[in-house]
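The next block holds one structure in the form of structure tokens; read it before the comments.
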Number of protein chains: 2
Amino acid sequence: MTDTPSTDLPPLPEFDLFAFTPYRLAVAAKRTSDELARQYRDRFGITIPEWRVMVHLAHSGKVSVRDIEARVAMEKYEVSRAAKRLREAGLIERRENPEDRRLVILALTPEGHALMARILPMARAHQAQIEERLGPAFAQLEAGLAKLLAETD
Amino acid sequence: MTDTPSTDLPPLPEFDLFAFTPYRLAVAAKRTSDELARQYRDRFGITIPEWRVMVHLAHSGKVSVRDIEARVAMEKYEVSRAAKRLREAGLIERRENPEDRRLVILALTPEGHALMARILPMARAHQAQIEERLGPAFAQLEAGLAKLLAETD
DNA sequence: GGAACATCATTGCAGGTGCAATGGCTATTT
DNA sequence: AAATAGCCATTGCACCTGCAATGATGTTCC
């Protein structure tokens, strides 16, 4: 037993990673978005950050990077790079804001609009499937998440 | 109004990103682990993947990369690279398994053991703080996560 | 017992990410 | 109106990640 360095040391406190809320949330988040990410990538060629930007543009019209950053839980450099890729893919367009030339105006192109018309129903279906699979636990999850998100805001 | 390309297109279906469970989980996971990640990094110089490996070694003794991969929701290359960094930092040691020389035996060094003795109480306190801040909503979150994790396993 | 197949861990590569500048613009102060 | 400070978006750099390929070992099947 002398070859195991821990043997003679005081025992460590018990700690169950599987009961650790940050871990549980990380695993849950990864599981739920991975399948989605794969679909978005394979079928539409976009990533999750790009998807978030697109969704925001879909219902907010023309906005700046700052608006998206504030609303969509992304750092502004993420928004900036997602927007760059989306622009190169022809899904959004970018103009200067004439009233404040530091700002940028992002908006869906017709191609981007068409893409969202295809993706959004899929996303709704995905959400419905989650709710169905969780059953009554869905409402509990929602209540818990609502409190957590409010507390950490 | 003719300068906005979306105006003449059929309206997109309503979609609220903030009610989208994968999004909510992603934000919740990021919020809860970011502060933790910063602490681990600034005070102990380790990352979240490294922390997970350390926790597993702390209560499982000597294990292989495969064991950790299976138990800790990490891909094996993540485990492998985390282990490499931890080895370079002197926190874990690595030996060959003589019974199956494809396998590797990872274990905490005394330094790693000492580090865990300092981190684990912090992690427990963090967990307690989450539970306190959420109050009754914590049990709901747990119930929801339990169902979700079981369903997607 | 040897060939084919499976498993374990690692790594090369391409691309994504976080941080800390940077450059351009606007607001504020004197 | 010039100087200073602040805000917006982007980018250079280093690091991290995901995927697929690799090499080394073990197992299975003829």
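The sequence lines fix the lettering, A, B, ..., with proteins before strands; numbering per chain opens at 1.
- Across the protein-nucleic acid pair, B:K84 atom NZ and D:dC16 atom C1' stand 13 Å apart, rounded to whole Å.
- Taking only distance into account, the side chain of B:R102 meets the base of C:dT7 through a donor-acceptor pair shorter than 3.5 Å.
- The separation between A:E78 atom CD and C:dG16 atom C1' is 10 Å, rounded to whole Å.
- Remark: A:P121 engages B:P13 in a side chain to side chain contact (heavy atoms under 4.5 Å, CB included) (not counting sequence neighbours).
- If you take CG on B:L115 and CZ on B:R43, they are separated by 11.0 Å, rounding to the nearest 0.5 Å.
- Here C:dG18 presents its P atom at 16 Å from CG of B:D42, a figure rounded to the nearest Å.
- The number of heavy atoms from other shown groups lying within 6.0 Å of CD (B:E99) does not exceed 12.
- No N or O donor and acceptor, one from the side chain of A:R85 and one from the base of C:dG15, sit under 3.5 Å apart.
- Both A:K30 and A:R94 sit near DNA chain D, but only A:R94 has its closest nucleotide nearer the 5' end.
- Counting only residues at least two apart or on different chains, no ring pair (Phe, Tyr, Trp, His ring centres under 6.0 Å) pair has a member in residues 130-150 of chain A.
- In terms of position along DNA chain D, the nucleotide closest to A:R66 lies nearer the 5' end than the nucleotide closest to the other residue of the pair A:R66 and A:Y77.
- Residue A:R87 contributes atom CZ, which lies 12 Å from atom P of D:dA9 at whole-angstrom precision.
- Atom CZ of A:R101 and atom P of C:dG23 are 18 Å apart (whole Å).
- Taking only side-chain nitrogens and oxygens, B:S64 never comes nearer than 4.0 Å to OP1 or OP2 of C:dC8.
- In this structure, B:I68 places its CD1 atom 13 Å from C1' of C:dC8, rounding to the nearest Å.
- For the pair A:K76 NZ and C:dT22 C1', the computed distance is 12 Å after rounding to whole Å.
- Comparing B:R41 and A:E50 by the nucleotide of DNA chain C that holds the closest heavy atom to each, the one mapping nearer the 5' end is A:E50.
- A close approach under 4.0 Å does not occur between any side-chain nitrogen or oxygen of B:R81 and OP1 or OP2 of D:dC19.
- Here the CD1-OG distance, from B:I48 to B:S33, works out to 5.5 Å after rounding to the nearest 0.5 Å.
- In this structure, B:N97 atom CG and D:dT25 atom C1' are separated by 12 Å, rounded to whole Å.
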